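Note that the structure is a prediction, hence the values are computed from the model and not measured. FYI, the numbering just counts along the sequence from 1. Each ligand, and each atom within it, is numbered from 1 in the order the structure gives.
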Amino acid sequence: MAKALGIDIGGTGIKGALVDTDTGELLSDRIKLPTPSGGLPEDIITTVVELIDKLGGADKSVPVGVCFPAIIKNGRTMSAANVSKKWIGLEAEKLFEKALGRDIHFVNDADAAGYAETRYGAAKGVDGLVILTTLGTGIGSALIYNGVLIPNAELGHIEINGRDAESRAAYSAKERSRLSWKRWAARLQLYYSRLEALFTPDLFIVGGGVSKSYEEFLPLLSLNTPIVPAVHRNNAGILGAAALAAPATPPTV
Ligand code: BGC
């Protein structure tokens, strides 16, 4: 059995678990620590070290995957939408590796979720273009074409009516403005219609914690593209980060 630790860093919480990367099942409880306020690099790195400790991460032969809410290019964090601006341009992967004393696989959070859904969830075996969006503090996105992830799509930041889409349509916008499901769905309608016009995808997958309430808002949308909830909801980041870190088990013959 191949296993790896998956860590998902978000604007409000940092979650982790040990994952069976052959099946996508959790092998431990999911542990969640609050994201230190301000989201500063040194504080988040310290929390990740603590989390891995709590997950019994002493065995350094177990690979670690970490996903983060920013553009990740060659191990550097190139943006910071819902964490401290100090992350921008930082050699973050190296800093985590130094603090943890081991190598990690470092990836954007929505890309990790997209990879998890491709391997173990709603995008498994789907041909053509799948767009996964996570509706949380921000809007994360992953593009998957014929099962291959195209990293760092930042479709939460497309501009609609002169505004950053995630500032209007993320789940945090619903909470901030106390929008009813119906009023929030009207914003989602605008958002997904724009994505549909730009990409003509074959499938939309909606992830993030709120996707557990998908029955409240997905039926209110009218799109030409099928739209389904993520299978792994809020665990997809953990699963994808772990799966990307683990070497694939060779198929048995
Ligand atoms: C960031 C993305 C991230 C998403 C979800 C956005 O604000 O720009 O990189 O994937 O939030 O956390």
Side-chain angles (χ1 to χ4, degrees), residues 6-16 32-41 44 47-48 65-90 92-93 96 105-118 123 130-144 149-160 163-176 184 187-188 191-192 194-195 199 204-212 229-230 232-241 243-244:
I7 307 293
D8 182 358
I9 300 173
T12 54
I14 303 181
K15 304 171 288 205
K32 183 173 178 177
L33 299 176
T35 305
S37 72
L40 287 168
I44 287 188
T47 308
V48 169
V66 177
C67 68
F68 190 85
I71 299 168
I72 313 286
K73 196 78 182 164
N74 303 323
R76 275 180 197 264
T77 35
M78 304 304 287
S79 62
N82 295 301
V83 283
S84 157
K85 299 283 174 246
K86 293 216 167 125
W87 286 95
I88 300 174
L90 211 64
E93 183 169 348
F96 278 110
H105 190 94
F106 192 50
V107 62
N108 170 269
D109 55 356
D111 283 343
Y115 186 74
E117 289 295 322
T118 304
V130 177
I131 300 183
L132 170 129
T133 52
T134 58
L135 304 174
T137 314
I139 296 184
S141 60
L143 292 181
I144 301 121
L149 175 72
I150 302 155
N152 289 316
E154 284 284 331
L155 305 182
H157 298 295
I158 59 169
E159 200 177 297
I160 300 183
R163 292 158 109 163
D164 193 31
E166 76 170 21
S167 70
R168 302 276 298 158
Y171 179 57
S172 58
K174 176 183 186 308
E175 291 203 303
R176 201 172 41 245
W184 185 48
R187 294 186 182 188
L188 292 176
Y191 178 62
Y192 287 108
R194 178 63 62 85
L195 292 188
F199 293 96
F204 283 122
I205 301 177
V206 179
V210 70
S211 61
K212 69 175 178 296
H232 297 288
R233 314 272 154 85
N234 236 356
N235 280 345
I238 294 176
L239 297 184
L244 284 162

Q: Indicate yes or no for a side-chain donor-acceptor contact from T134 to the backbone of G140 under 3.5 Å, with no hydrogens or angles considered.
A: yes

Q: Verify the neighbour count for atom CZ of R176: are there more than 12 heavy atoms of other residues, nucleotides or ligands below 6.0 Å?
A: yes

(Q) Is it the case that the side chain of R76 and the backbone of L90 share a donor-acceptor pair, with hydrogens and angles ignored and the cut-off at 3.5 Å? (A) no

Q: Evaluate the ring planes of F106 and F68, with Trp represented by its six-membered ring, and classify them as parallel (under 30°), tilted (30 to 60°) or perpendicular (over 60°).
A: tilted

Q) What pairs with A142 under side-chain contact (heavy atoms from CB on, under 4.5 Å), at least two apart in sequence or on another chain? A) D111, L132, I144, L149

Atom pairs and distances, ligand 1 N/O vs protein N/O under 3.5 Å:
| unit_1 | atom_1 | unit_2 | atom_2 | d |
| --- | --- | --- | --- | --- |
| ligand 1 | 7 (O) | H157 | NE2 | 3.2 |
| ligand 1 | 7 (O) | E166 | OE1 | 2.8 |
| ligand 1 | 7 (O) | E166 | OE2 | 3.2 |
| ligand 1 | 8 (O) | E154 | OE1 | 2.6 |
| ligand 1 | 8 (O) | H157 | NE2 | 2.7 |
| ligand 1 | 9 (O) | A70 | N | 3.4 |
| ligand 1 | 9 (O) | N108 | ND2 | 3.0 |
| ligand 1 | 9 (O) | E154 | OE1 | 3.4 |
| ligand 1 | 9 (O) | E154 | OE2 | 2.6 |
| ligand 1 | 10 (O) | N108 | ND2 | 3.2 |
| ligand 1 | 10 (O) | D109 | OD1 | 2.5 |
| ligand 1 | 12 (O) | D109 | OD2 | 2.6 |

(Q) What verdict does the side-chain hydrogen bond (donor to acceptor under 3.5 Å, both in side chains) test give for Y192 and T133, after you've listed the backbone C-alpha separation in whole Å, the side-chain angles of each residue and the deciding distance to 0.1 Å? (A) CA-CA 10 Å; Y192 287 108; T133 52; 2.6 Å; yes

